[in-house]
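Right, one structure below, let's go through it.
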2 protein chains.
Amino acid sequence: MQPAITTGETGDRLRAKGIKPSVIRIKVLQYLLENRVHPAVDTIYRALLKEIPTLSKTSIYNTLKALNSKGMIMEIMTPGGEIRYDGYPARHAHFMCLKCGAIKDVSLSCATCLTHGTEGLKVTEEAVYLKGYCKKCSEKLKISNRKS
Amino acid sequence: MQPAITTGETGDRLRAKGIKPSVIRIKVLQYLLENRVHPAVDTIYRALLKEIPTLSKTSIYNTLKALNSKGMIMEIMTPGGEIRYDGYPARHAHFMCLKCGAIKDVSLSCATCLTHGTEGLKVTEEAVYLKGYCKKCSEKLKISNRKS
DNA sequence: TACAATTTTGTAATCAATACAATTTACAAC
DNA sequence: GTTGTAAATTGTATTGATTACAAAATTGTA
Ligand SMILES: [Mn+2]
Ligand SMILES: [Mn+2]
Ligand SMILES: [Zn+2]
Ligand SMILES: [Zn+2]
C-alpha cells in the first residue's frame, strides 16, 4: 500500500504553517497521517528509530508540541495520564478501551453539546471521550466471567 | 455556613455502597460534597491534614479509588495528567482554564453526542471536556496583550 | 485478652513529561 | 570552501503524580 501523502506534500503542509520541514518533523507528521491508531510518544519514537538510529525521544516531544501548537495534530488525554496523538484534528470523539488501551474514532452528531455554564469563558477546545471495552476485550471478559 | 450534609448521612451513603465508613472515608467524601472545586489529591490531602495530623496521602488515593469504583465520585482528566475529583457524578461537562487550572461545571444539552463508530463497543463512561481561559484569566491576558 | 481482618501509614519505585546544557546540523555571507 | 550564527537535535538530570508494597495501627469479635 502506497502512502496517502508524499514526503514533499507533508513538507509543504509544514511550511504552510511556518514550521521548517526537517526530516524528523516530516517523518513524525507522516507517521501520524499514515498510522491512525492515536499513538503515544513512545510508539512513534520506537517506529521512527528504525529509520533514524540517532533519534532522540526529546525530538518527538519537541515536534509534537510544535505540530500541536499550529493545530496540525490533536492531543488525546487518557485515564493513565499518557498523552496520545491524532494527525486528524477535525472534530470527532474518542473511545478508549480500558483493557487494551486501543483508541477508536467516534463521530459526533451534535454541533455543540453544551448549554449554560460557559458565560464569560473563552473556550478554545472541546473534547468528547468515551471509555469502556472494545469488541475483542469485551468478548474476552465474557468468556472469563463464564468460567468463574 | 452549615454543611449541606451531616457526618452521619455521609456514613450512611458509604454503608449503602458497601464501604465501611471510617473517619478518613467520611471526611474525604464530605470534603468533595462541600467543596465543589474539583480538587486534586494533594488539595484534599492538605485540607484534611489540618484535622487528621497523622493522615497519609496514600489513604487519600485509596479512598478515592474506592469511592470511584462504587460510582460515588467522578474522575476528571486534565491536560497536565493530574486527576481531579468531583463528588457529584451526575452527567455534566467540565471546563478547565489552561492558565489557572480552575475547573467549572458546564451543563450538557444533548442526551448523547454520538452517532456511529460505537458498534460493538461496550461504553461504560462518557466525558465532555472544554479547555480555554476563565473570565479572570482571559481579562488578564487582554491587558497584557495591550501592553505588548 | 487474644486473634484475625481491615485500615492506615511510610517509603521506594515507576514512568511520562519537562528542563536544560551540549552537540550537531543547516545555511547564508564572505 | 571556510567561517559564523541560528536552529535543530541529542543526552542527561529532574520533576511530579501515581502505584506498589510491607510495616504498623486500628477495629471488631470470640
Ligand atoms: Mn481520532
Ligand atoms: Mn463537576
Ligand atoms: Zn480492548
Ligand atoms: Zn483561569
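Per chain, numbering begins at 1; letters A, B, ... match sequence-line order.
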- Sequence neighbours left out, what passes side chain to side chain contact (heavy atoms under 4.5 Å, CB included) with B/Thr43? Give chain and number order. B/Tyr31, B/Pro39, B/Ala40

- Can you tell me which residue pairs pass the ring-ring contact (aromatic ring centres under 6.0 Å, His included) test with a partner in residues 35-72 of chain B, sequence neighbours excluded?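 Sorted pair list: B/His38-B/His94.
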
- For residues 65-85 of chain B, the ring-ring contact (aromatic ring centres under 6.0 Å, His included) pairs (sequence neighbours left out) are none

Quickly work out the [X] [atom1] to [N] [atom2] distance and round it to whole Å.
{"X": "A/Ile44", "N": "C/dA16", "atom1": "CD1", "atom2": "P", "value": "13 Å"}
{"X": "A/Asn68", "N": "C/dT18", "atom1": "CG", "atom2": "P", "value": "11 Å"}
{"X": "A/Ile60", "N": "D/dG11", "atom1": "CD1", "atom2": "P", "value": "13 Å"}
{"X": "A/Leu49", "N": "D/dG11", "atom1": "CG", "atom2": "P", "value": "10 Å"}
{"X": "A/Lys27", "N": "D/dA8", "atom1": "NZ", "atom2": "C1'", "value": "17 Å"}
{"X": "A/Ile24", "N": "D/dA7", "atom1": "CD1", "atom2": "P", "value": "17 Å"}
{"X": "A/Arg25", "N": "D/dA7", "atom1": "CZ", "atom2": "P", "value": "11 Å"}
{"X": "B/Leu64", "N": "C/dT8", "atom1": "CG", "atom2": "C1'", "value": "15 Å"}

Tell me, do [X] and [Y] make a side-chain contact under 4.5 Å, heavy atoms counted?
{"X": "A/Leu108", "Y": "A/Arg91", "result": "yes"}
{"X": "B/Lys27", "Y": "B/Thr7", "result": "no"}
{"X": "A/Pro79", "Y": "A/Leu98", "result": "yes"}

- OP1 or OP2 of C/dT7 under 4.0 Å from side-chain N/O of B/Ser22: no

- Message: Would you say B/Ser56 places a side-chain N or O within less than 4.0 Å of OP1 or OP2 belonging to C/dT8?
- Response: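 False: B/Ser56 side-chain N/O out of range (4.0 Å or more) of C/dT8 OP1/OP2.
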
- Message: What stems show up for DNA chain D when you take Watson-Crick pairs (N1-N3 plus N6-O4 or O6-N4) and G-U wobbles (N1-O2, O6-N3), both under 3.5 Å, and require three or more consecutive pairs?
- Response: C:1-30 with D:1-30

- Task: Could you check B/Ile44 against B/Asn35 for side chain to side chain contact (heavy atoms under 4.5 Å, CB included), going step by step and ending with a plain yes or no?
- Result: CA-CA 10 Å; B/Ile44 303 170; B/Asn35 302 84; over 6 Å; no

- Item | Footprint string (nucleotides 12-30 of chain D, 5' to 3'): B base within contact, S backbone only, - free, heavy atoms under 4.0 Å | B----SBBBB---------

For a quick test of your reading: what N or O donor-acceptor pairs under 3.5 Å do the side chains of residues 66-78 of chain A make, sequence neighbours left out?
from: A/Ser69; atom 1: OG; to: A/Ala66; atom 2: O; distance (Å): 2.8
from: A/Thr78; atom 1: OG1; to: A/Gly81; atom 2: N; distance (Å): 3.4
from: A/Thr78; atom 1: OG1; to: A/Glu82; atom 2: N; distance (Å): 3.2
from: A/Thr78; atom 1: OG1; to: A/Glu82; atom 2: O; distance (Å): 2.6

- Show your reasoning for whether side chain to side chain contact (heavy atoms under 4.5 Å, CB included) applies to A/Val41 and A/Ile83. CA-CA 8 Å; A/Val41 166; A/Ile83 297 175; over 6 Å; no

